[in-house]
Protein chains: 2
Amino acid sequence: MQTVSLARSPAIGFPFPVASRSGHTTSPAQLSGRPMRCARGTLIYAEGDSVQDLYKVVSGSIRTYRTLSDGRRLIASFALPGELFGLDGIGTHRCAAEAVTDAVMIAFARKEIEACVERDPLAAKCFQMFALEKLISEQDRCVLLGRKTASERVACFLLDLADRSEGHPHLIDLPMSRYDIGDYLGLSTETVSRSLTCFRKRGILADRGPHRVEVLDRDALEDAASGIETPATDCACLRPV
Amino acid sequence: MQTVSLARSPAIGFPFPVASRSGHTTSPAQLSGRPMRCARGTLIYAEGDSVQDLYKVVSGSIRTYRTLSDGRRLIASFALPGELFGLDGIGTHRCAAEAVTDAVMIAFARKEIEACVERDPLAAKCFQMFALEKLISEQDRCVLLGRKTASERVACFLLDLADRSEGHPHLIDLPMSRYDIGDYLGLSTETVSRSLTCFRKRGILADRGPHRVEVLDRDALEDAASGIETPATDCACLRPV
DNA sequence: CGTGATGTTGATTGCTGTCAATACGTGTGG
DNA sequence: CCACACGTATTGACAGCAATCAACATCACG
């Protein structure tokens with residue numbers, strides 16, 4: 001791994017989101033993490049590596065993915081700034097993780113997290129909530145992959161990114177390639193591109209360079225995400241005129 | 001809900017699998033559950049219902065599923081005897097649950113489970129492991145739904161059922177309809193049927209009635225599950241000769 | 001300014017969905 | 001015990017969405 005420790009002084013924090021409805025007024029025990037930096041394309045861990053750390057993204061973005069023996073790939077998640085990754089296996093990682101862009105993150109030792117969760121009930125609660133929420137979002141993903149059309153998937157993806165990214169809610173950063181998006185949505189890169197073009201032609205999106213789009217009509221995008229097609233355009237958007 | 005309490009005397013047990021590698025030698029705290037019985041097709045809870053109980057299947061089988069606004073459905077899981085269901089939401093269920101066949105199960109109150117998990121560290125550990133394992137299996141499912149072909153999905157499904165069901169490992173019970181299988185695998189009922197026919201023609205499976213199949217060639221089934229096609233048959237198995 | 005990577009668009013193929021008809025099997029009633 | 005009927009499963013014909021193959025455009029970068 002080409003990652004580089006940034007500083008000797010450890011970063012202090014707690015990796016999991018603090019459960020708001022937990023009724024506790026105190027904060028969970030703080031952990032010390034190791035700041036790390038890695039360049040675009042760097043492998044952070046591979047499928048099968050033992051789980052040593054969990055990571056919190058500071059800047060940049062990360063993809064975790066699985067590969068089938070014949071090369072087919074499915075990206076399991078994109079981790080954006082503020083988000084956690086690395087919880088994809090019990091003893092060994094079931095996914096690999098790579099930096100989509102140059103990235104900075106904080107590594108928290110698994111053993112310390114486990115010890116913390118065993119000591120601190122609030123930390124345990126936060127961890128529990130985190131795992132359950134991940135579980136539910138994976139179920140959403142199954143519905144998307146199993147039952148949604150290409151353009152619905154792309155629309156869902158854009159809305160998801162819009163909700164997760166900080167900054168202007170109508171400007172969406174797409175740090176990953178079309179190929180990555182395809183492998184996240186179970187589509188080919190061409191189909192992703194065509195769907196985006198379709199939304200552009202329908203006036204739902206506007207290009208701000210290949211890695212940034214502006215949402216011009218959020219309602220229409222939400223309709224597209226749930227399969228409600230504008231009668232005029234219908235599904236003709238993916239076919240050449 | 002038409003479910004009926006079976007007996008006044010509560011069933012005693014612990015709903016989650018006991019983590020073997022936890023290092024503990026004691027058992028987790030026991031909980032009392034309410035035995036219930038419900039007839040084939042009965043709705044056990046609906047999407048949006050508040051989470052009151054977790055259920056452990058005693059006999060029969062259960063499906064949990066999500067429905068999109070336009071009627072598309074994805075079955076999230078089949079729960080077989082000995083398995084748990086009901087953990088599909090934090091405050092409210094994100095899935096509905098129905099009995100695939102007449103079924104008997106034990107309902108454990110969510111509040112009691114939560115209290116138990118807070119009191120008993122071993123119970124907490126078991127719960128944690130269960131959630132993580134569910135998370136990983138959902139990731140497997142995403143790969144299946146996002147990147148596998150129809151016959152690969154069906155083969156994976158059969159292998160999964162074979163591994164989960166007790167009894168003769170070469171005889172697989174299929175209590176659910178082809179329609180259910182399709183909605184579990186993101187396929188149409190016809191495609192499921194065609195895949196099964198293909199395996200039958202290739203000598204991999206033999207019918208033992210529509211709800212039971214015998215695995216004649218487990219190796220070939222595993223090959224089919226990972227996309228390794230026998231050169232002669234190729235993918236022609238789904239096309240009419 | 002050239003060069004390679006990435007993105008878009010077009011043409012075609014093919015897997016899987018849809019529609020339709022037939023077969024099977026289970027359960028009921030005579 | 002058999003006949004019928006309904007739900008379920010299978011098979012067939014066809015259509016359509018998305019993958020694949022291919023060419024071109026655009027962008028990033030040296």
(message) We want to know whether D88(B) and Y65(B) form a side-chain donor-acceptor pair, criterion being a heavy-atom distance below 3.5 angstrom.
(response) no
(request) Name all residues meeting the ring-ring contact (aromatic ring centres under 6.0 Å, His included) criterion together with F130(B); count only those two or more places apart in sequence or in a different chain, and write none if there are none. (result) F16(B)
(request) Report the distance from atom NZ of K201(A) to atom C1' of dG10(C), rounded to the nearest whole Å. (result) 11 Å
(message) Using whole Å, what does the distance between atom C1' of nucleotide dC24(C) and atom CG of L196(B) come to?
(response) 15 Å
(message) Give me the atom names and distance for the closest heavy-atom approach of S61(A) to L80(A).
(response) CB-CD2, 3.9 Å
(message) Quick check: do L68(B) and V143(A) have side-chain heavy atoms less than 4.5 Å from each other?
(response) yes
(request) Send over the distance from L185(B) CG to dG17(C) P, rounded to a whole Å. (result) 10 Å
(request) Looking at every strand, decide which applies to R153(B) at a 4.0 Å heavy-atom threshold: base, sugar-phosphate, or nothing. (result) nothing
(message) So, does H211(A) get its side chain near the phosphate of dT6(C), meaning an N or O under 4.0 Å from OP1 or OP2?
(response) no
(request) Report yes or no: do Q139(A) and R94(B) form a side-chain donor-acceptor pair below 3.5 Å? (result) no
(request) Figure out the CG/C1' separation between L174(A) and dG7(C), and round it to whole Å. (result) 12 Å
(request) Take the protein atom CD1 of I181(B) and the nucleotide atom P of dA9(D), then report the distance between them rounded to whole Å. (result) 8 Å
(request) If a protein heavy atom is under 4.0 Å from the base, mark B; if only from the sugar-phosphate, S; if neither, -; do that for nucleotides 19-29 of chain D going 5' to 3'. (result) SBBB-------
(request) Please list, chain by chain and in numerical order, all residues satisfying side chain to side chain donor-acceptor pair (under 3.5 Å) with R164(B), sequence neighbours excluded. (result) E83(B), D160(B)
(request) Figure out the CZ/C1' separation between R178(B) and dT11(D), and round it to whole Å. (result) 14 Å
(request) Report yes if at least one side-chain N or O of S177(A) is closer than 4.0 Å to OP1 or OP2 of dA5(C); otherwise report no. (result) no
(message) Taking the cut-offs as 6.0 angstrom to the six-membered ring centre and 45 degrees off its axis, would you call R141(B) and Y184(B) a cation-pi pair?
(response) yes
(request) Rounded off to whole Å, could you give me the CE-to-C1' distance for the M176(A) and dT6(C) pair? (result) 15 Å
(message) Expressed as a whole number of angstroms, how long is the span from D180(B):CG to dG7(D):C1'?
(response) 14 Å
